[in-house]
Peer 1: 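The structure under discussion is supplied below as structure tokens; questions concerning it will follow.
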Amino acid sequence: HMAVLGISVAMAVAGMGMGWALYKSKLPDKEGFDEKKWTPFFRASNKQFGIDMVLADGSVKTGGVIGGVIRWLDEKVVDGLVNLTGSLTKDVFGRFSTMFQTGFVRGYALVLQVGVILVLIAMVWAAARAGGSL
């Protein structure tokens, strides 16, 4: 790792030395702050040759589109199914069960008696169908 570190530091120092040697007096007119005097290469390099724009468009805008699709799926599909389940439970099954939840013990006893009678009928029918008798 020390060799890579040494090479990196040497290249950085060499680059700084070259920059100082080339521009110690002043910037040449074609490389000054007036972009109109720049060569096409310098203008392109000032804009990073378009790489930053491509990366920004490719990642940020594409990510925004993908995020929008995921958001729509979450809000419409996932939340829609959750809300549908909740409203079905509350509105349909809840209202249906309130018909039987009256609070009167006599009503519950009647349902219990009807249930016992239906179980007995089912047992007699099953026994008769199997060829047995009571």
Side-chain angles (χ1 to χ4, degrees):
H1 297 294
M2 292 304 288
V4 174
L5 175 66
I7 292 170
S8 298
V9 170
M11 295 301 287
V13 170
M16 287 186 276
M18 281 179 56
W20 181 79
L22 288 173
Y23 301 111
K24 65 183 174 183
S25 59
K26 69 172 195 155
L27 287 173
D29 288 337
K30 67 177 185 176
E31 296 175 13
F33 292 105
D34 187 9
E35 289 185 29
K36 295 174 189 167
K37 297 179 182 178
W38 289 4
T39 64
F41 178 79
F42 282 126
R43 276 192 228 118
S45 67
N46 186 41
K47 294 181 176 31
Q48 292 84 31
F49 301 101
I51 292 172
D52 285 349
M53 184 180 66
V54 169
L55 291 176
D57 288 348
S59 61
V60 174
K61 290 182 181 177
T62 305
V65 169
I66 292 171
V69 169
I70 292 172
R71 179 180 177 185
W72 181 86
L73 284 172
D74 180 50
E75 289 177 353
K76 302 300 180 191
V77 177
V78 176
D79 289 349
L81 288 173
V82 169
N83 293 337
L84 176 66
T85 303
S87 64
L88 279 176
T89 303
K90 177 185 165 195
D91 297 336
V92 177
F93 301 125
R95 288 185 182 149
F96 179 73
S97 65
T98 57
M99 295 187 309
F100 301 104
Q101 298 290 328
T102 61
F104 295 116
V105 176
R106 65 178 178 260
Y108 301 145
L110 175 65
V111 171
L112 179 68
Q113 288 176 348
V114 169
V116 168
I117 291 170
L118 289 176
V119 168
L120 288 175
I121 291 171
M123 289 174 63
V124 170
W125 179 77
R129 187 165 181 204
S133 63
L134 292 175

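For reference, positions follow the sequence shown, starting with 1. For the numbers below, each heavy atom of this structure counts, side chains included, while hydrogens, waters and symmetry mates do not.
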Peer 1: For Trp125, which residues count as a side chain to side chain contact (heavy atoms under 4.5 Å, CB included) partner, sequence neighbours excluded?
Peer 2: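 Partners of Trp125 under the side chain to side chain contact (heavy atoms under 4.5 Å, CB included) test: Arg129.
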Peer 1: For the atom pair CG (Leu88) and CG (Leu84), what is the distance rounded to the nearest 0.5 Å?
Peer 2: 4.5 Å
Peer 1: Applying a strict under-4.5 Å side-chain criterion to I, L, V, M, F, W and Y, I'd like to know whether Ile7 and Met2 cluster together.
Peer 2: no
Peer 1: So among Leu118, Val111, Ile117, which one has a side-chain contact (heavy atoms from CB on, under 4.5 Å) with Val114?
Peer 2: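 Only match with Val114 under side-chain contact (heavy atoms from CB on, under 4.5 Å): Leu118.
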Peer 1: Asp79: which residues meet the side-chain hydrogen bond (donor to acceptor under 3.5 Å, both in side chains) condition with it, sequence neighbours left out?
Peer 2: none
Peer 1: Using side chain to side chain contact (heavy atoms under 4.5 Å, CB included), reason through Val65 and Lys61 one step at a time and then give a plain yes or no.
Peer 2: CA-CA 6 Å; Val65 169; Lys61 290 182 181 177; 5.8 Å; no
Peer 1: Sort and list the pairs that fulfil ring pair (Phe, Tyr, Trp, His ring centres under 6.0 Å) and have at least one residue in residues 74-96, not counting sequence neighbours.
Peer 2: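 Sorted result for residues 74-96: Phe96-Phe100.
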Peer 1: Does Leu120 belong to the same Ile/Leu/Val/Met/Phe/Trp/Tyr cluster as Leu112, with side-chain heavy atoms less than 4.5 Å apart forming each link?
Peer 2: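 Cluster IDs for Leu120 and Leu112 differ.
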Peer 1: Looking at CZ of Arg71 and NZ of Lys76, how far apart are the two atoms once the value is rounded to the nearest 0.5 Å?
Peer 2: 9.5 Å
Peer 1: For the hydrophobic clusters of this structure (ILVMFWY residues joined by side-chain heavy atoms under 4.5 Å, transitively), does one cluster hold both Val69 and Val77?
Peer 2: yes
